[in-house]
Protein chains: 2
Amino acid sequence: MRTLNPNVSVDCLVFGYEAGELKLLLIQRDASRANDRSVLSWTLPGDLIQDDEDLDDAAHRVLQELTTLDRVFLKQFGAFGDPSRVRRPADKIWLEKTRAFPEARVITVAYYALVNVGHFSPSPSNFAVDTQWMSLNEIPDLAFDHNLIVQKGIETLRNEVESSTIAFQLLPEKFTLSQIQELYETILDQPLDKRNFRKKILALDILKPLKEKQKGVSHKPAQLFRLKLFKKN
Amino acid sequence: MRTLNPNVSVDCLVFGYEAGELKLLLIQRDASRANDRSVLSWTLPGDLIQDDEDLDDAAHRVLQELTTLDRVFLKQFGAFGDPSRVRRPADKIWLEKTRAFPEARVITVAYYALVNVGHFSPSPSNFAVDTQWMSLNEIPDLAFDHNLIVQKGIETLRNEVESSTIAFQLLPEKFTLSQIQELYETILDQPLDKRNFRKKILALDILKPLKEKQKGVSHKPAQLFRLKLFKKN
DNA sequence: CCAAAAGTGTTATCCGTACACCCATGC
DNA sequence: GCATGGGTGTACGGATAACACTTTTGG
């Protein structure tokens, strides 16, 4: 039997990249279930875990249920458990209308995901009535302690992109070197030198140049690359 | 009212450094409360959180209650929640004898601490009947999924010592450059060049040479240092 | 005087950084 | 032909890595 654990939830920070901006996928909670307009507020996709489910599995399930996103890269980055995280009246009302134990103290385990906005098309389901990509610098006041979680998640992402290639998951399958550079500049929030950046990325030996080039641009068309599936020896 | 939350625990990895070895503080659970010798097994110090308590506070409290260690440096490094983490018969028996809801599914939030073995003297209390420093390469089979947590904690520590000065917390107040080097060699499990290591550490400008020297050694006595309280400008 | 660890400096190499011009395309 | 972004190489400086001998103490 599957029963929800009243004390443990997972929340997912879903990063996407579009039009030169880092975005976060937020959902709006179901007002009809809560029956009160004031309860309409933006939150991270997240929910209670099942009692018989691993944390990572719970994160995947919840993300799938609320946004239809499936099989995305997800990484745990922290547990949050300030007992006073439920302080807004709207959050309380929402819990009362939707949870079996609205007074239960909940700690949440946070994950971040990196998705290619063009590849996935999230749509609201379950108690999510709307999903929306929001630019990082336009994130509104979120429910519970979700703004804190977002801050910590962005820091974690910044630290991790510098020593791994996870950032490529934000790009379409085929991309140009300038697109990667723009992405890194966006995530790290600093300009990077073009020649040095290219040298460094190519030296990683993880990119395969395609025979294709950019089309329909009014300048020299750029070489397209994709991630190598396997490294050569 | 303080009530234990049946679904969330904290566990602490307490690292100590002694005789050139990294050690971990383990506790042995109370056999009299469990009333069964087979339940005597080594575990990380950890316990359920209180419903009205922050996770970080819970980690400090639990560590204090089980080992008397107080006000130590503690850092969260992950949440573990495999529902099959209670698989050994001994773990089940122990839960049945000690927990109000022995069948409850528990996720645990893990912390690591770095302590100066000479400075703190842990002693067992509460349900801990014994505490012992164990070398990292002699860690026995632990309860629940604690061996997994230990592995992840060691990795985290290795990553973090290279970009911070947390490792100094494992040393006594006064130490020699060779002691620091030996500590880093132990944590990173690799030899380091003496002259280069000294240059690098001294360049950090965080060490204050004392007027004292090592005593009672049958070789040239080494300069003693302590951490600077404040950096000079 | 012997053993043991402390302490010290120079050189070669690698890596990060700074920087400017020509190229291919669409309009 | 002009505007736009694509694409390229080199020189410098700082950091890292390799390396061997003298010093001070206790026994």
Side-chain angles (χ1 to χ4, degrees), chain A residues 17-21 158-159 161-165 167-168 171-226, chain B residues 17-21 158-159 161-165 167-168 171-226:
Chain A
Y17 177 66
E18 201 179 26
E21 284 190 312
R158 288 212 170 114
N159 288 331
V161 289
E162 298 202 79
S163 53
S164 76
T165 57
F168 287 84
L171 292 174
E173 301 92 284
K174 300 173 182 178
F175 46 80
T176 69
L177 294 178
S178 293
Q179 283 177 298
I180 313 176
Q181 183 176 344
E182 196 191 8
L183 170 60
Y184 271 86
E185 288 178 333
T186 303
I187 297 177
L188 300 175
D189 197 25
Q190 57 173 302
L192 300 169
D193 180 88
K194 183 162 65 159
R195 280 179 281 197
N196 295 334
F197 183 81
R198 285 168 181 237
K199 246 181 291 176
K200 210 160 139 182
I201 287 286
L202 292 174
L204 293 177
D205 192 34
I206 53 166
L207 296 188
K208 186 173 183 72
L210 301 174
K211 284 167 194 158
E212 260 175 289
K213 297 203 168 183
Q214 249 183 342
K215 279 182 183 162
V217 288
S218 74
H219 54 77
K220 180 172 175 179
Q223 174 69 245
L224 287 167
F225 292 82
R226 67 164 171 79
Chain B
Y17 178 66
E18 200 178 28
E21 284 190 311
R158 287 214 171 113
N159 287 332
V161 287
E162 297 200 80
S163 54
S164 75
T165 57
F168 286 84
L171 292 174
E173 301 91 286
K174 300 172 183 179
F175 47 80
T176 69
L177 294 178
S178 294
Q179 284 176 297
I180 313 176
Q181 184 177 342
E182 196 192 9
L183 170 59
Y184 271 87
E185 289 178 333
T186 303
I187 297 177
L188 300 175
D189 196 26
Q190 58 174 299
L192 300 169
D193 179 87
K194 183 161 66 158
R195 280 180 281 195
N196 294 333
F197 182 82
R198 284 167 183 239
K199 248 179 290 177
K200 208 159 139 183
I201 286 288
L202 292 174
L204 293 177
D205 192 36
I206 54 166
L207 297 187
K208 187 175 181 73
L210 302 174
K211 283 165 195 160
E212 258 175 291
K213 296 201 168 185
Q214 251 185 338
K215 276 180 185 165
V217 289
S218 74
H219 55 76
K220 181 171 174 177
Q223 175 69 246
L224 288 167
F225 292 81
R226 67 163 171 78

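What you see is a predicted model; the values in this text were computed from it and never measured. So that the names make sense, note that chain A is the first sequence line, chain B the second, and so on, each numbered from 1.
- Taking OH of A:Y17 as the reference point, atom OG1 of A:T186 lies at 4.0 Å (rounded to 0.5 Å).
- Between A:N196 and A:Q214, the residue whose closest nucleotide on DNA chain D is further toward the 5' end is A:Q214.
- Two residues, A:S218 and B:P221, neighbour DNA chain C, and the one matched to the more 5' nucleotide by heavy-atom proximity is B:P221.
- Residue A:R198 places its side chain closer to D:dG7 than to any other of D:dG7, C:dG7, D:dG9.
- Among the nucleotides C:dA18, C:dA6, D:dC19, the one closest to the side chain of A:D193 is C:dA18.
- Of the side-chain N and O atoms in A:R195, none sit less than 4.0 angstrom from OP1 or OP2 of D:dG9.
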Requested in this report: List the steps and the verdict of side chain to side chain contact (heavy atoms under 4.5 Å, CB included) for B:F197 and B:I180.
Outcome: CA-CA 9 Å; B:F197 182 82; B:I180 313 176; 3.9 Å; yes

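- Within residues 175-183 of chain B, no residue has any heavy atom under 4.0 Å from DNA chain D.
- Interatomic distance, B:L224 CG to B:K215 NZ, rounded to the nearest 0.5 Å: 9.5 Å.
- Nearest heavy atoms, A:A222 versus A:T176: CB-CG2, 3.7 Å.
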**Report entry** Chi angles and distances behind the side chain to side chain contact (heavy atoms under 4.5 Å, CB included) call for B:Q214, B:S178
**Finding:** CA-CA 12 Å; B:Q214 251 185 338; B:S178 294; over 6 Å; no

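- Nearest-nucleotide positions on DNA chain D place A:H219 closer to the 5' end than the other of A:H219 and A:K199.
- Going from atom CD of A:Q223 over to atom P of D:dG7 covers 7 Å, rounded to whole Å.
- Ring geometry, A:F168 versus A:F175: the interplanar angle falls from 30° to 60°, so the pair is classed tilted.
- In this structure, B:K194 reaches the bases: a heavy-atom distance under 4.0 Å links it to at least one base atom across the strands shown.
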